[in-house]
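Per chain, numbering begins at 1; letters A, B, ... match sequence-line order. Hydrogens, waters and symmetry mates are skipped; everything else that's a heavy atom, side chains included, is used.
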Amino acid sequence: MYPEPLKPLSRAFFARSPRRVARDLLGKVLVRPSKIPNSADLTGRVVEVEAYLGERDPAAHAAAGHTRRNSVLFGPPGYAYVYFIYGNHYCLNVSCEREGRAGGVLFRALEPLSGLEEMAASRGVELRSEKDLLKLTRGPGRLCEAFSITRNRDNGSDLTSSSGNLWIGDDEHRAGRILVTPRIGITKAADKSLRYLLSGNRFVSGPKLLSRV
DNA sequence: ATATCGATTATCT
DNA sequence: GATAATCGATATG
């Protein structure tokens, strides 16, 4: 299934700028141990992320300063920041930088690898054709629903521990060509190019990249 | 194919 | 009271 066994990423991996963490997260694997006995863990390869820079980034939740909601972003690196948005969806980030300095990376899309049936059940979709795979983890709200990620369960959990119930692994997969574009779904600082994605991967969210005139 | 809009709630002004 | 790091449904070319 994987080129190499999955090894959790180190704390030091996340103790860097969100830009570098975001770029290096492409190709890594998000892991949710299955809650159903004897069934496959939920795993997906990271194919699209966005960097959020901290208090000086108007689009970042940290821009408002330290609040109860965003406190994970100001804590140590490698922890899950999960928030609820539009009354409907959760989004998953991982904290970066160091304690006291906010920064994070938003997971925008995964390529599902294992546990697809359980993901489909959580998403309420039927897997009839190849195209249905795109409904599982393409988009930040969708991937959270597929992995049953909620604020109550997952906000503040350590993503560097393979004994935790959500973590990020490295199987030494080589990421392909990386594209950098402006972030999407935001209104502030929408011009900054802080979205990183694997070129040509069909699980990347958003409109297809066309040559703009 | 792209465009617009409603859902539904935590958070902040 | 307004807004939001979204999604899915509906409308229209």
Side-chain angles (χ1 to χ4, degrees), chain A residues 14 17-19 21-23 25-26 30 44 46-75 79-97 102-110 112 119-129 131-156 159 166 179-197 202-213:
Chain A
F14 298 102
S17 74
R19 293 176 203 264
V21 174
R23 180 178 285 268
L25 274 174
L26 292 175
L30 184 69
V46 180
V47 301
E48 182 190 358
V49 291
E50 282 176 358
Y52 285 87
L53 301 184
E55 295 184 80
R56 296 213 308 273
D57 178 359
H61 287 185
H66 196 311
T67 66
R68 185 151 78 256
R69 176 211 204 187
N70 66 22
S71 73
V72 174
L73 291 175
F74 288 83
Y79 288 82
Y81 170 51
V82 180
Y83 64 90
F84 192 56
I85 190 69
Y86 293 111
N88 286 317
H89 308 288
Y90 291 97
C91 291
L92 172 69
N93 302 245
V94 60
S95 60
C96 301
E97 301 279 7
V105 173
L106 169 70
F107 290 82
R108 287 200 54 91
L110 306 174
M119 292 184 202
S122 296
R123 291 273 303 117
V125 309
E126 288 212 33
L127 294 180
R128 275 192 51 86
S129 74
K131 302 182 76 167
D132 294 324
L133 294 178
L134 295 173
K135 299 174 185 167
L136 297 180
T137 54
R138 187 175 65 166
R142 287 172 177 165
L143 75 88
C144 282
E145 189 169 30
F147 278 61
S148 299
I149 291 168
T150 65
R151 191 177 62 170
N152 279 344
R153 255 181 103 179
D154 299 297
N155 190 49
L159 298 182
L166 188 65
L179 293 185
V180 187
T181 78
R183 296 176 291 190
I184 59 183
I186 60 172
T187 57
K188 293 169 235 169
D191 55 317
K192 297 166 90 75
S193 288
L194 292 169
R195 171 173 174 248
Y196 299 81
L197 57 95
R202 68 193 202 282
F203 293 95
V204 167
S205 74
K208 281 220 173 88
L209 299 167
L210 302 172
S211 39
R212 267 265 179 265
V213 186

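Ranked by how close their nearest DNA chain C nucleotide is to the 5' end, A:Lys135 and A:Ala60 are led by A:Ala60. Both A:Glu145 and A:Lys188 sit near DNA chain C, but only A:Lys188 has its closest nucleotide nearer the 5' end.
A:Ile186 comes within 4.0 angstrom of sugar-phosphate atoms only, judged by non-hydrogen atoms across all strands, and of no base. Within 4.0 Å of A:Arg195, counting heavy atoms only, lies no atom of the nucleic acid at all. Using a 4.0 Å heavy-atom cutoff across all strands shown, A:Arg142 reaches sugar-phosphate atoms only and no base atom. Among the heavy atoms of the strands lying under 4.0 Å from A:Gly87 is at least one base atom, whether or not backbone atoms are also near.
Here the OH-CG distance, from A:Tyr90 to A:Asn155, works out to 10.5 Å after rounding to the nearest 0.5 Å. With rounding to the nearest 0.5 Å, the separation of CZ in A:Phe147 from CG in A:Leu110 is 5.0 Å.
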Identify all pairs in which a protein N or O lies below 3.5 Å from an N or O of nucleotides 10-13 of chain B, and state each distance.
residue, atom, partner, partner atom, Å
B:dA10, O3', A:Arg151, NH1, 3.4
B:dT11, OP1, A:Arg151, NH1, 2.6
B:dC12, OP1, A:Thr67, OG1, 2.9

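Of the residues in residues 49-59 of chain A, not one comes within less than 4.0 Å of DNA chain B through any heavy atom.
Listed by chain and residue number, A:Phe74 satisfy the ring pair (Phe, Tyr, Trp, His ring centres under 6.0 Å) test with A:His66 (two or more places apart in sequence, or in another chain). A:Thr67 meets the side chain to side chain donor-acceptor pair (under 3.5 Å) test with A:Asn70; sequence neighbours excluded. With sequence neighbours excluded, no residue forms a ring pair (Phe, Tyr, Trp, His ring centres under 6.0 Å) with A:Tyr79. Scored by the ring pair (Phe, Tyr, Trp, His ring centres under 6.0 Å) test, A:Tyr52 finds no partners at all (sequence neighbours excluded). In terms of the salt bridge (charged side-chain N to carboxylate O under 4.0 Å, His left out) criterion, A:Arg23 has no residue partners (sequence neighbours excluded). Shown here are the salt bridge (charged side-chain N to carboxylate O under 4.0 Å, His left out) partners of A:Arg151, two or more places apart in sequence or in another chain: there are none.
Within the structure, every pair that satisfies the salt bridge (Lys or Arg N to Asp or Glu O under 4.0 Å) test and touches residues 185-195 of chain A, not counting sequence neighbours, is listed here: A:Glu48-A:Arg195. Contacts classified as salt bridge (Lys or Arg N to Asp or Glu O under 4.0 Å) and involving residues 133-148 of chain A (residues at least two apart or in different chains) are given here: A:Arg123-A:Glu145, A:Asp132-A:Lys135.
Chain A approaches DNA chain C over the interval C:dA4 to C:dG8, counting the first and last nucleotide 5' to 3' with an atom under 4.0 Å from its heavy atoms.
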Note, DNA chain C 5' to 3' with Watson-Crick or G-U pairs under 3.5 Å encoded as ( ), [ ], | and . gives ||||.|||||||.
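Across every non-hydrogen atom of A:Gly54 and A:Ala60, the tightest pair is O-CB, 3.7 Å.
Under a 3.5 Å cut-off, the side chain of A:Glu50 and the backbone N or O of A:Ile184 do form a donor-acceptor pair. In this structure, the side chain of A:Asn152 does not engage the main chain of A:Thr150 through any donor-acceptor pair within 3.5 Å.
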